[in-house]
Amino acid sequence: MNDIRMIRENPEEFKQRIEARQIEVDVDQILALDTQRRALITQVEEIKAERNAGSKLVGKTKDPAERQQLIDQMAGLGDKITALDTQATEVDRELNDILLGIPNLPDADVPIGKDETENVPGPERGAPLREFGFEPKPHWDLAEELELIDFERAAKIAGSRTYILRGDLARLQRALIDWMLDVHTSRHGYLEVQPPYQVFAETLVGTSQLPKFADTLFHDIEEDKWLIPTAEVPVTNFYREEILDGNTLPVYHVAATPCFRREKVSAGRDVRGIKRVFQFMKVELVKFVKPEESADELMRLVDEACYIAEELGLHYRLLDLCTGDLGFGAAHTYDIEVWAPGCQEWLEVSSCSNMRDFQARRANIRYRADNGKPALLHTLNGSGLALPRVLIAIMEDH
RNA sequence: GGGGAGGUGGCCGAGCGGUUGAAGGCGCUCGCCUGCUAAGCGAGUGUAGUGUGUUAAGCACUACCGAGGGUUCGAAUCCCUCCCUCUCCGCCA
């Protein structure tokens with residue numbers, strides 16, 4: 001969520017920066033609601049002060065007649081308060097709903113662009129492109145021939161966009177997860193965590209999947225629990241409503257979890273293979289840092305994720321996402337894409353983002369700043385890496 | 001799933017309708033004292049919102065004693081609903 005004070009004080013700047021995302025924001029409406037909200041609060045608080053003072057006096061007054069007179073004087077105050085409170089709550093909710101639906105402000109150094117075609121790719125890195133003396137096969141053909149993935153039986157038991165990893169491929173995934181966790185814990189200083197895979201709606205609001213992207217999530221209506229689309233969701237929310245000791249920052253967490261995604265919006269896209277599926281494993285990196293350090297921490301996060309691609313001998317590149325393609329909560333994002341020679345495309349295996357205080361404000365995650373006061377911290381997250389796509393690249397390459 | 005206990009400030013723990021944002025203790029911060037440390041003495045020590053200040057300090061007010069409703073002039077205290085923790089029984093990987 002964006003800071004209402006920043007919007008109030010610099011509405012033009014806010015409008016200009018947010019609209020670099022190719023969206024329209026009605027700043028005037030926000031300002032009007034904000035003004036209205038504050039007026040109502042001021043008004044109702046005055047009456048509350050009056051009531052509090054009056055009630056105190058009643059408590060002190062011993063004479064029954066005098067007492068009753070005071071009570072009579074305050075008749076109707078309660079109703080006024082209730083009415084104004086209700087109005088204030090409504091306006092507040094309306095404003096809040098609007099703010100929850102507005103994405104984060106892009107950083108000043110994010111390339112301006114309309115959509116994914118204007119992302120800025122960095123140089124190709126890692127292992128050199130492989131020379132094949134033949135046409136490399138896409139992984140769905142390879143895996144079927146080698147009996148490493150069983151799509152048919154998966155479809156029988158669980159429908160489309162599901163898969164069964166078999167034998168060496170299942171083993172490879174397990175080994176990769178283990179190794180990635182080891183690298184991030186021992187080489188990069190992360191603490192390994194195993195979070196719940198099903199969470200409250202509130203938790204998803206904190207990281208900004210809700211309220212806007214409910215249609216991409218699996219939801220158990222009976223228990224009102226949601227399956228996580230990424231470990232970012234539970235892990236970032238660990239410290240919700242907390243004030244962390246500034247000395248404990250930065251906090252680094254790494255988690256390997258399944259990720260559940262409905263992929264409704266992508267219906268019909270990438271239906272073959274395991275590139276876009278309803279459930280997949282991902283090793284996720286999450287950082288909680290002081291605001292002044294988040295820009296540097298983003299670059300370090302990118303390096304940490306790249307290290308995995310590098311060590312695996314993959315051919316990869318970095319993509320600086322433009323304003324039009326930036327994720328909802330991100331202020332700046334670098335994607336890591338690995339080359340898959342079989343399906344002949346770049347596969348996104350990681351998306352490393354600085355969320356700045358966007359999630360921290362939603363989830364109320366703070367730290368005790370040097371001046372002794374609580375302040376919002378910054379959160380970052382990135383995959384390190386997403387398993388199925390890494391498997392694709394390795395399979396098609398080797 | 002059934003029964004019992006309980007959720008109060010950084011922590012422990014009182015309060016059970018009125019000047020209680022909350023006794024007392026611990027912790028922490030600052031000062032005094034002191035070979036050092038400990039002890040002792042004094043003062044201070046929640047979060048957020050609104051208003052007013054130069055978007056500072058400060059000041060005033062409002063809200064917050066698990067969450068949300070209700071009763072009342074007034075609720076941490078009474079009533080209802082929900083959530084969570086502990087515990088006993090049942091079931092179970």
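Proteins get letters first, then strands, A, B, ... in listed order; numbering begins at 1 in each.
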Say we look at [N] and [M]: how far apart would their [atom1] atoms be, to the nearest angstrom?
{"N": "rC12(B)", "M": "rG69(B)", "atom1": "P", "answer": "28 Å"}
{"N": "rC33(B)", "M": "rA39(B)", "atom1": "C1'", "answer": "11 Å"}
{"N": "rU47(B)", "M": "rC65(B)", "atom1": "C1'", "answer": "13 Å"}
{"N": "rC16(B)", "M": "rC92(B)", "atom1": "P", "answer": "47 Å"}
{"N": "rU8(B)", "M": "rC64(B)", "atom1": "C1'", "answer": "12 Å"}
{"N": "rG70(B)", "M": "rG25(B)", "atom1": "P", "answer": "39 Å"}
{"N": "rU37(B)", "M": "rU29(B)", "atom1": "P", "answer": "14 Å"}
{"N": "rU34(B)", "M": "rA48(B)", "atom1": "C1'", "answer": "42 Å"}

Measure [atom1]/[X] against [atom2]/[N] and give the value in whole Å, please.
{"X": "Asp85(A)", "N": "rC64(B)", "atom1": "CG", "atom2": "P", "answer": "10 Å"}
{"X": "Arg240(A)", "N": "rU47(B)", "atom1": "CZ", "atom2": "P", "answer": "21 Å"}
{"X": "Glu202(A)", "N": "rC82(B)", "atom1": "CD", "atom2": "C1'", "answer": "13 Å"}
{"X": "Lys48(A)", "N": "rC73(B)", "atom1": "NZ", "atom2": "C1'", "answer": "16 Å"}
{"X": "Tyr367(A)", "N": "rU47(B)", "atom1": "OH", "atom2": "C1'", "answer": "17 Å"}
{"X": "Glu46(A)", "N": "rC61(B)", "atom1": "CD", "atom2": "P", "answer": "13 Å"}
{"X": "Met74(A)", "N": "rG74(B)", "atom1": "CE", "atom2": "P", "answer": "7 Å"}
{"X": "Arg368(A)", "N": "rU29(B)", "atom1": "CZ", "atom2": "P", "answer": "14 Å"}

Could you identify the nucleotide paired to [N], looking across every strand shown and requiring Watson-Crick or G-U wobble geometry with both distances under 3.5 Å?
{"N": "rA63(B)", "value": "rU47(B)"}
{"N": "rG6(B)", "value": "rC84(B)"}
{"N": "rG18(B)", "value": "rC73(B)"}
{"N": "rC11(B)", "value": "rG25(B)"}
{"N": "rG58(B)", "value": "rU52(B)"}
{"N": "rA93(B)", "value": "none"}
{"N": "rC30(B)", "value": "rG42(B)"}

In chain order, what residues pass the ring-ring contact (aromatic ring centres under 6.0 Å, His included) check against Phe328(A), with sequence neighbours excluded?
->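 For Phe328(A), the residues satisfying ring-ring contact (aromatic ring centres under 6.0 Å, His included) (neighbours in sequence not counted) are Phe213(A), Phe358(A).
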Reckon [X] has a side-chain N or O less than 4.0 Å from the OP1 or OP2 of [N]?
{"X": "Arg8(A)", "N": "rU50(B)", "result": "yes"}
{"X": "Arg67(A)", "N": "rC73(B)", "result": "no"}
{"X": "Arg5(A)", "N": "rU55(B)", "result": "no"}

Between [options], which one does the side chain of [X] approach most closely?
{"X": "Asn52(A)", "options": "rU47(B), rA63(B), rG18(B)", "result": "rA63(B)"}
{"X": "Arg366(A)", "options": "rU47(B), rA63(B), rU50(B)", "result": "rU47(B)"}
{"X": "Lys373(A)", "options": "rG49(B), rC73(B), rA57(B)", "result": "rA57(B)"}
{"X": "Ser55(A)", "options": "rG18(B), rG49(B), rG51(B)", "result": "rG18(B)"}

Could you classify rG42(B) for me, syn or anti, using a glycosidic angle within 90° of 0 as syn?
->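 That one's anti.
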Contact check, residues 28-37 of chain A vs RNA chain B, heavy-atom distance under 4.0 Å, returns Arg37(A)
Heavy-atom donor-acceptor pair, Glu45(A) side-chain to rG49(B) base, under 3.5 Å = yes
State, with a plain yes or no, whether a side-chain heavy atom of Leu70(A) is found less than 4.5 Å away from one of Arg67(A).
->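 No; the side chains remain at least 4.5 Å from each other.
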Side-chain contact, heavy-atom cut-off 4.5 Å: Glu24(A) with Glu19(A)?
->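 Yes, side chains in contact.
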Determine the contact category for Asp72(A): base if any of its heavy atoms lies under 4.0 Å from a base atom, sugar-phosphate if only primed atoms, P, OP1 or OP2 are that close, otherwise nothing.
-> nothing
Counting any heavy atom closer than 4.0 Å, what does Leu70(A) reach on the DNA or RNA strands: base, sugar-phosphate only, or nothing?
->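 No contact at all - Leu70(A) keeps every heavy atom at 4.0 Å or more from the nucleic acid.
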Short side-chain to backbone donor-acceptor contact, [X] and [Y], under 3.5 Å:
{"X": "Asn119(A)", "Y": "Glu116(A)", "value": "yes"}
{"X": "Asp107(A)", "Y": "Asp109(A)", "value": "no"}
{"X": "Glu396(A)", "Y": "Gly342(A)", "value": "yes"}

Do His184(A) and Glu304(A) meet the criterion of a side-chain donor-acceptor pair at a distance under 3.5 Å?
->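 No pair is found: no donor N or O on one side chain lies under 3.5 Å from an acceptor on the other.
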Test log, rule side chain to side chain donor-acceptor pair (under 3.5 Å), inputs Thr379(A) and Gln359(A) | CA-CA 7 Å; Thr379(A) 59; Gln359(A) 294 181 325; 2.8 Å; yes
RNA chain B: Ala49(A) or Ile71(A), which has the more 5' nearest nucleotide?
->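 Its nucleotide being nearer the 5' end, the pick is Ala49(A).
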Sorted by position of nearest nucleotide on RNA chain B, 5' first, the leading residue of Thr42(A) and Ala53(A) is Thr42(A)
Is the centre of the Phe238(A) ring less than 6.0 Å from the centre of the His253(A) ring?
-> yes
Salt-bridge test for Glu9(A) and Arg5(A): reply yes if a basic N is under 4.0 Å from a carboxylate O, no otherwise.
->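 Salt bridge between Glu9(A) and Arg5(A), a charged N being under 4.0 Å from a carboxylate O: no.
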